[in-house]
Amino acid sequence: DSGVTQTPKHLITATGQRVTLRCSPRSGDLSVYWYQQSLDQGLQFLIQYYNGEERAKGNILERFSAQQFPDLHSELNLSSLELGDSALYFCASSVEGAGGPSDTQYFGPGTRLTVL
Amino acid sequence: GQNIDQPTEMTATEGAIVQINCTYQTSGFNGLFWYQQHAGEAPTFLSYNVLDGLEEKGRFSSVLSRSKVYSYLLLKELQMKDSASYLCAVGTGGYNKLIFGAGTRLAVHP
């Protein structure tokens, strides 16, 4: 157990819909990252937040958005869903997210999104 | 561009030693991470290297050569539970964005 929690574990929805994925970082971690992992694909970095502020963006679609709240939990919003958005979505957290030698990212259990 | 290469699949025998290689080409380098991922589960941190050399953690070791832009993960005394994907990732940029390789699927057989 990494200490990172994600809800829900599974989500099944239809094309065109909007969903929200939630992540709570490990106690003491200020930085949250979101990744997408499609079937047989590597982990794709989406976005990073640090202490409520967006820090880095990866290959995140305009239909997707995220935020980090004052209590440091984060939400990833996916809208106008398409079949190709079906994937595992992982959240990770680290202490600072500034690249220090011990700034390892710890991953939550993921949310499996299925778009029908 | 940014690229991380690792073999797609490997097989090995229980009790043996296996080496999983990773070469990288990234803009910036904050360190190289190895993660283990069982199917459908979260990646689990295995090791971190930022300087050339060896890091050992029990049955797992990782080696980095920055001059050769190369790392490998060594798994000793293989067990069936080591069957998983092994992900090589490089931290880049001022905020340690991780670039992941596609992963190496390791199958351990009796």
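Reminder, nothing fancy here: chain letters follow the sequence lines and each chain counts from 1. Bear in mind the structure is a predicted one, so any value in this text is a computation, not a measurement.
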Handout entry: Under 4.5 Å from any heavy atom of chain A - which part of L87(B)
Key = side chain
Completion exercise
Ranked by heavy-atom pairs below 4.5 Å to chain B, first place among Q6(A), Q44(A), Q37(A) goes to Q37(A)
Handout entry: Close aromatic pair by centroid cut-off 6.0 Å: F90(A) and Y33(A)
Key = no
Exercise for the section: Taking the six-membered ring for Trp and the single ring otherwise, decide whether the centroids of Y24(B) and F29(B) are under 6.0 Å apart. Expected result: yes
Exercise for the section: Side-chain contact test, heavy atoms from C-beta onward, threshold under 4.5 Å: evaluate it for L106(B) versus V108(B) and give yes or no. Expected result: yes
Practice task
For a side-chain contact (heavy atoms from CB on, under 4.5 Å) with S93(A), tell me which candidate from L30(A), D29(A), L72(A) qualifies.
Solution key: D29(A)
Problem - Contacting moiety of L88(A), where chain B heavy atoms sit under 4.5 Å - result: side chain
